[in-house]
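Shown next, in structure tokens, is the structure this report addresses.
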Amino acid sequence: MSHHVVEVRDLSFAYPDGTEALKGVSFRIEHGGSVALIGGNGAGKSTLLLHLNGYLAATRGEVRIGDTIVTRETAALARRAVGMVFQDPDDQLFMPTVAEDVAFGPLNAGLPADQVESRIASALDRVGMAHLRERPPYRLSAGEKRAVAIASVLAMSPDILVMDEPSSNLDPRARRRLIRHLLSFEHTKIIATHDLELVVEVCRHALVMDDGRIVARGPAVEILADENLMLAHGLERPHSLRHAHPSRP
Amino acid sequence: MKVSDSFDIGEMDDLGRLDTPVHRLDARAKAVATLVFIGVVMSFPRYAISSLTPFILYPVALVSLGRIPMRYLARKILIAAPFALLIGVFNPLLDREPVTAIGSVAISGGWLSFGSIMFRFLLTVGAALALVACTGMNRLGAALERLGVPRVFVVQLLFLHRYLFVVSDQAAKMKRSAVMRSSGRPLRLSVYASMIGHLLIRSMDRAERVYRAMVARGFDGEVRILRPSSFGWPDTLFVAACILFFVSARVWNLADGFGRLLTGGVL
């Protein structure tokens with residue numbers, strides 16, 4: 001059985017104060033897919049992401065990871081399959097050193113010490129941050145923090161990577177490095193972002209959200225090139241799609 | 001440069017990663033020795049001063065062998081000094097009974113106990129800061145946990161230390177932006193009140209997001225820490241020697257004895 005498939009059916013969610021954040025969201029992402037979740041602030045992107053690992057429980061509808069419906073009982077399984085990289089690395093890096101932070105997930109999964117060690121080494125190596133092992137996370141640059149946050153999730157060897165605004169606060173070089181890493185990951189990827197140029201480079205498909213609903217879906221380049229659609233939902237057509245690029249079909 | 005750098009809390013972590021004989025000692029050994037030290041210093045009667053003097057050796061040894069800059073530590077001790085001052089400041093007013101004299105100047109019990117409080121403060125806070133500086137907060141946390149301190153408490157301590165940087169950064173940025181819009185006038189008290197309120201609410205939001213990130217990586221209420229440390233014979237020796245010294249300095253007035261020895265008296 002594969003955990004790589006994500007299926008969301010008729011998902012609705014209201015916060016305790018009555019705000020309806022999701023109003024019947026449905027989509028399916030196949031193994032190895034890379035999907036961008038785009039939409040204005042408050043469209044419901046982050047709320048949707050928090051359902052994928054069972055942190056929030058839907059008021060209606062369901063989320064399936066592989067063959068498993070995510071519930072309170074199966075949340076632990078979902079959290080092992082779905083690696084989530086949050087928007088602010090300071091929220092995600094809370095241990096005293098980088099190595100301990102990367103070890104946090106594997107230790108919680110009950111892995112023996114030697115395996116935890118090899119997970120730390122390979123995850124940090126994967127994002128080019130092996131030299132920062134013993135440093136305290138709060139003294140890293142924004143780009144380093146982001147890379148370490150990604151390593152801390154990779155160390156759990158998830159099948160699906162979910163990221164909320166992975167390129168925010170990054171300088172161009174760090175952003176470039178992030179894009180290179182994202183392209184190298186074979187995981188199923190779901191990326192919520194306002195960085196539409198990143199979507200053009202990294203994602204094959206795009207879902208457009210507005211007011212708790214998915215209002216458009218399709219190949220990322222087609223969706224992003226649809227100027228009227230983009231403008232109608234508080235987005236814009238990325239510059240790279242405004243004129244013909246010989247390399248792009 | 002980060003705003004938190006100006007508070008130089010981070011320097012403590014840099015010091016904690018030095019490699020000296022004191023740093024190489026097991027964190028548990030240093031924690032136990034320091035706790036016994038604090039306990040013994042606190043157990044002296046209230047007018048004690050001269051009998052306390054030998055205890056200065058312990059923090060001084062940690063600091064010099066651990067290559068901790070004295071000035072850095074002194075600054076930190078000064079920050080905490082007002083608390084001790086407040087505790088002792090009324091003693092000279094309340095207790096005016098003369099108990100001893102230096103030359104012809106009578107010294108009241110109040111001044112003596114005030115001096116004793118300040119000296120004990122210097123010793124205990126100095127030792128505690130030296131302990132953190134030559135151990136590092138995370139190793140100290142792991143040591144406390146293995147010594148049987150409840151894990152919840154240890155985790156709280158580590159989190160407090162970790163997010164001190166983030167919150168102080170946030171506070172400093174908030175203050176900076178308020179100052180920039182205040183046309184050179186000093187900030188009103190109500191502005192500070194509002195800032196503190198915002199800081200509290202933001203911290204609560206942050207706590208929620210941190211918890212969310214922990215849960216996403218399989219957190220189940222138990223923090224598991226990697227801790228490669230071992231308790232060897234140098235550690236045992238260190239603890240034994242420290243306790244022996246503290247106890248003998250408590251039982252006998254070593255300063256007095258040393259003085260009499262020098263002046264040809266009998267012990």
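Predicted model, so just to flag it, every value in this text is computed and none were measured. Chain naming here is simple, since letters A, B, ... match the order of the sequence lines and numbering starts at 1 in each. Values reported hereafter were calculated over all heavy atoms of this structure, with side chains retained and with hydrogens, waters and symmetry mates removed.
- Note: D91(A) leads D91(A), V82(A), N53(A) in heavy-atom pairs under 4.5 Å with chain B.
- For a residue to count as touching a neighbouring chain, one of its non-hydrogen atoms must lie under 4.5 Å from one of that chain's; by this rule F86(A) touches chain B with the side chain only.
- For the set A155(A), P137(A), S152(A), the entry with the most heavy-atom pairs within less than 4.5 Å of chain B is S152(A).
- Across all non-hydrogen atoms, the minimal contact from E165(A) to R146(A) is O-NH1, 3.2 Å.
- Taking V153(A), V85(A), L93(A) one by one and counting their heavy-atom pairs under 4.5 Å with chain B, the maximum is reached by L93(A).
- Between T135(B) and L140(B), the shortest heavy-atom distance links the atoms CG2-N, 3.9 Å.
- There is no contact between M137(B) and chain A, counting heavy-atom distances below 4.5 Å.
- Residues of residues 31-41 of chain B never come closer than 4.5 Å to chain A when only heavy atoms are counted.
- Side-chain atoms of S182(B) never come within 3.5 Å of backbone atoms of L187(B) as a donor-acceptor pair (strictly under, hydrogens ignored).
- Every side chain to side chain contact (heavy atoms under 4.5 Å, CB included) that L122(B) has, sequence neighbours left out, goes to I56(B), I77(B), F119(B).
- With a 4.5 Å cut-off on non-hydrogen atoms, D164(A) does not touch chain B at all.
- In this structure, R126(A) and S184(A) approach most closely via the heavy-atom pair NH2-O, 3.2 Å.
- With respect to the salt-bridge test (charged N to carboxylate O, under 4.0 angstrom), the residues D101(A) and R217(B) qualify.
- Contact record, A174(A) with G143(A): CB-CA, 4.0 Å, taken as the closest heavy-atom pair.
- A salt bridge links R28(B) and D26(B); the closest N-O separation between the charged side-chain nitrogens and carboxylate oxygens is under 4.0 Å.
- Taking the charged nitrogens against the carboxylate oxygens, R139(A) and E134(A) have no contact shorter than 4.0 Å, which rules out a salt bridge.
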